[in-house]
Amino acid sequence: MTMEKPWTDHDRLFKELISTFFEEFMLLFFPTAHEQIDFSDTRFLSQELFTDVTEGDRHQVDLLVETKLTGEDSLIIIHVEPQATYQKHFHERMFIYFSRIYQKHRRKIVPIAVFSYDIPRDEPNSLTMKFPFVELDRSRESLITGFFETYLALTEEEERQFRMR
């Protein structure tokens, strides 16, 4: 006789754990960011509810933390979104959350997704839109490259990344 595992609300558990141990969470997973955050001035904001009128869906942002960077007066927001079930367009939802949070608060935002899938998956970490009509011929590409080389000085690392594309 096998017993079924009881259903677990993973998102709620992650939210409670991360909000209770927020500083430790940042230290463990984002040590460089942790060094820059002033944890003496941290406040959890109420959950934001967003309605997608085209799809008829309602989504709730899980954790919003308002804080400051060390040595700065301006506030930032850290958005943490636990995700236990796979969603094909999760990265699009994160982008929508990002844009709506920015629209409301007009602050720098650090978006963090915490995946707790049953099996490891590669998740997109950006949203890219491509159009078939924007390709440049060699002369236009040369013109735009010359423009950026004149007005945008890249570091060696940025130059290396640019050349790899």
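All values below were derived from every heavy atom in this structure, side-chain atoms included, with hydrogens, water molecules and symmetry-related copies excluded.
Separating the CZ atom in F21 from the CG atom in L27 is a distance of 13.5 Å, to the nearest 0.5 Å. From L28, atom CG reaches atom CD of E23 across 12.5 Å, with rounding to the nearest 0.5 Å. Atom CD1 of residue I112 and atom CE of residue M94 lie 8.5 Å apart, to the nearest 0.5 angstrom. Note that CD1 of I18 and CE of M26 are 10.5 Å apart. Values are rounded to the nearest 0.5 Å. Taking CD from E159 and CE from M164, the interatomic distance works out to 13.0 Å, rounded to the nearest 0.5 Å. A distance of 9.0 Å separates CG of L17 from CZ of F25, quoted to the nearest 0.5 Å.
No more than 12 heavy atoms of other residues, nucleotides or ligands sit less than 6.0 Å from atom CD1 of I144. When the shell of 6.0 Å around CG of D137 is examined, it contains more than 12 heavy atoms from other residues, nucleotides or ligands.
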For this session: Would you check, one step at a time, whether the test side chain to side chain contact (heavy atoms under 4.5 Å, CB included) holds for I76 with T67?
Result: CA-CA 5 Å; I76 67 166; T67 189; 3.7 Å; yes

Exercise. Going through the distances and angles, do E123 and Y86 end up as a side chain to side chain donor-acceptor pair (under 3.5 Å)?
Worked result: CA-CA 9 Å; E123 284 288 339; Y86 173 75; 5.6 Å; no

For this session: Output, in order, the C-alpha distance, side-chain angles, deciding distance and verdict of side chain to side chain contact (heavy atoms under 4.5 Å, CB included) for E72 and Q36.
Result: CA-CA 10 Å; E72 292 189 17; Q36 303 296 315; over 6 Å; no

For this session: Kindly determine whether F44 and L63 satisfy side chain to side chain contact (heavy atoms under 4.5 Å, CB included), including the steps that lead there.
Result: CA-CA 7 Å; F44 288 88; L63 281 173; 4.1 Å; yes

For this session: Could you walk me through whether T145 and E149 pass the side chain to side chain contact (heavy atoms under 4.5 Å, CB included) test, one step at a time?
Result: CA-CA 6 Å; T145 301; E149 286 176 350; 3.6 Å; yes

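Both V80 and L69 sit in one connected hydrophobic cluster of ILVMFWY residues. Membership requires side-chain heavy atoms under 4.5 Å apart, directly or through other members. In the hydrophobic cluster analysis, where Ile, Leu, Val, Met, Phe, Trp and Tyr join through side-chain heavy atoms closer than 4.5 angstrom, L75 is grouped apart from I37. Note on I77 and V110: separate hydrophobic clusters, where clusters join Ile, Leu, Val, Met, Phe, Trp and Tyr whose side-chain heavy atoms are under 4.5 Å apart, directly or indirectly. No continuous path of ILVMFWY side-chain contacts below 4.5 Å connects L143 to L152, so the two sit in separate hydrophobic clusters.
Between Y102 and F98, the ring planes lie parallel to each other; the angle is under 30°, not in the 30° to 60° tilted range.
The main-chain N or O of T155 is found under 3.5 Å from a side-chain atom of E158 such that the two form a donor-acceptor pair. No donor-acceptor distance shorter than 3.5 angstrom exists from the side chain of T42 to the backbone of V65, with no hydrogens or angles considered. In terms of modelled atom types and a separation under 3.5 Å, the side chain of E81 and the main chain of D62 share a donor-acceptor contact.
Counting only heavy atoms from C-beta outward, the side chains of Q83 and F14 never approach each other to under 4.5 Å. Annotation: side chain of F22 is in contact with side chain of I78 (closest heavy-atom distance under 4.5 Å).
Taking the six-membered ring for Trp, H34 and F29 have ring centres at least 6.0 Å apart. Aromatic pair F115/F90: ring centres closer than 6.0 Å.
Salt-bridge formation is not detected for the pair R160/E156: no Lys NZ or Arg NE/NH1/NH2 atom is positioned less than 4.0 Å from an Asp or Glu carboxylate oxygen. Between D41 and K68, at least one side-chain nitrogen of the basic residue sits less than 4.0 Å from a carboxylate oxygen of the acidic one, meeting the salt-bridge criterion. Under the 4.0 Å criterion applied to side-chain N and carboxylate O atoms, E141 and R138 are not assigned as salt-bridge partners.
The two atoms that bring P82 and K15 nearest to each other are CG-N, 4.2 Å, heavy atoms only.
Under the ring-ring contact (aromatic ring centres under 6.0 Å, His included) criterion, F148 pairs with no residue at all, not counting sequence neighbours. Looking at residues two or more places apart in sequence or on another chain, you find no side-chain hydrogen bond (donor to acceptor under 3.5 Å, both in side chains) involving S99.
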